[in-house]
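Presented below is the structure to which this report refers.
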Amino acid sequence: MSSRRLITASERSKLDPFIVATGDASPRDQRDLMERPFFSLAKARRTAPILYEAAGVRVEVYAVPEHGMATIWDADVLIWAASQIVEAENLGFKTSRFLRFTPYQLLTAIGRQTGARDYKLLKGTLARLQSTVIRTTIRNGEHWRRHQFSWINEWEECTTRDGRVEGMEFVLPDWFYRGVIDRSLVLAIDPAYFRLTGGIERWLYRVARKHAGRQPKGWLFEIAHLHEKSGSLVRVSDFALQIRRIAARQPLPGYRLHIEWQGRRELLRILPAHLSTVPADGAVETLGTSHANGIETPHAALSGLRTHEPELTLWPETAIPSLNLESNSESNSCSGPARSADKRATPAEQTSEPSARQPSLPFGRKPGGKR
């Protein structure tokens with residue numbers, strides 16, 4: 001087995017690694033990513049930028065022709081990373097935006113196969129996440145107007161002499177990591193999300209989870225507003241047709257979709273249903289609120305922290321220092337009538353979710369600690 005080459009001067013040399021250990025992590029998503037258009041919803045390569053602005057918040061997403069824009073399926077990697085970080089934080093372990101893991105852990109957790117083709121597709125996913133550039137004013141500080149970053153700052157794979165990938169590591173951007181550490185900006189999602197195959201239905205589930213949440217009255221969207229909110233390149237009429245077809249099939253776990261009309265305005269009502277395959281994770285987020293290309297095998301079970309032999313033998317044991325990050329209590333959770341979902345809610349409109357059991361890591365394994 002080849003020895004791992006020395007880390008050159010890079011961001012990783014200044015960060016302590018969070019080594020993903022064995023165990024299960026309930027899937028969690030970052031609320032800003034659920035609410036606004038950050039990803040391509042098509043499987044075809046997209047290079048046209050996304051330019052979106054609402055309620056004083058601007059999102060710009062740019063792609064390079066070589067790789068194309070990161071897709072809604074590529075976003076599964078970010079959901080997985082957020083899930084591992086939140087799970088470890090819930091259990092009192094220290095984390096970092098520098099993650100070390102096995103590809104097997106990630107692929108099985110998001111419902112993918114683990115063959116050679118799937119490992120190759122994973123590397124394509126990481127390339128798109130790294131090459132996609134985001135500019136946004138979301139969560140901007142008092143004296144800062146725009147933040148620019150990529151979904152992954154850098155990544156690397158560790159291989160044996162025969163070319164077998166034994167481990168991977170990547171560095172998340174600070175903007176995303178802070179949005180995960182702040183519990184008010186994270187929502188538990190249904191594991192069945194990873195079995196959704198269509199780009200628009202995947203995006204629509206995230207919108208439903210973010211905006212409708214568990215509110216009895218759900219949320220009402222104008223289709224034209226949803227089209228703008230999606231960042232989709234298809235015409236509004238074609239988008240509306242796809243929404244109608246999705247509503248006819250009712251594929252979203254935990255939600256029911258209904259088409260309504262107000263004069264000539266076509267609307268989509270999203271209502272919570274008792275169809276979720278798992279209970280909501282109240283430990284992460286107590287407020288009920290508001291499409292990815294690459295790897296497509298939707299039938300594997302979710303298992304967030306599962307290792308596969310051999311483990312990360314190329315990496316030394318490392319302890320992670322504690323972090324002291326500020327809390328951001330921003331919330332866009334609300335329910336009710338047809339209006340822009342980008343408007344803030346009043347406290348009376350916010351609803352709570354039931355608590356769920358706290359999962360534990362088996363065999364005494366600790367993320368980021370001694371293994």
### Query
With ring centroids as reference points, do F38 and W151 lie under 6.0 angstrom apart?
yes
### Query
Is a side-chain N or O of E154 found less than 3.5 angstrom from the main chain of V171, in a donor-acceptor match?
no
### Message
Could you check whether atom CZ of R244 has more than 12 heavy atoms from other residues, nucleotides or ligands sitting under 6.0 Å from it?
### Response
yes
### Message
Determine whether the aromatic ring centres of residues F170 and F101 are separated by less than 6.0 angstrom.
### Response
yes
### Task
Find out whether P251 and I246 are in side-chain contact, i.e. whether some heavy atom of one side chain is under 4.5 Å from a heavy atom of the other.
yes
### Task
For residues I189 and M34, determine if any side-chain heavy atom of one lies less than 4.5 Å from a side-chain heavy atom of the other.
yes
### Query
Has the side chain of R269 got a donor or acceptor atom that lies under 3.5 Å from a matching backbone atom of I259?
no
### Query
Is any side-chain heavy atom of L204 closer than 4.5 Å to a side-chain heavy atom of L252?
yes
### Query
For R249, which residues count as a salt bridge (charged side-chain N to carboxylate O under 4.0 Å, His left out) partner, sequence neighbours excluded?
E201
### Message
If you define the side chain from C-beta out and look only at heavy atoms, does anything of R36 sit under 4.5 Å from V57?
### Response
yes
### Message
Ignoring hydrogens and geometry beyond distance, is a side-chain donor-acceptor pair present between Q262 and R265 at under 3.5 Å?
### Response
yes
### Exam field: side chain S83 to backbone A25, donor-acceptor pair closer than 3.5 Å
no
### Task
Kindly indicate whether the side chain of T47, heavy atoms from C-beta on, has any atom under 4.5 Å from the side chain of Y62.
no
### Message
If we check ring-ring contact (aromatic ring centres under 6.0 Å, His included) with Y193, which of these qualifies: Y255, W80, Y205?
### Response
Y205
### Task
For Q130 and S150, test the side chains for any donor-to-acceptor distance below 3.5 angstrom and give the result as yes or no.
no
### Message
Applying side chain to side chain donor-acceptor pair (under 3.5 Å) to S96 and D16, what does each step give before you reach the verdict?
### Response
CA-CA 7 Å; S96 167; D16 293 305; over 6 Å; no
### Task
Please work out whether the ring planes of H225 and F221 are parallel, tilted or perpendicular, with thresholds of 30° and 60°.
parallel
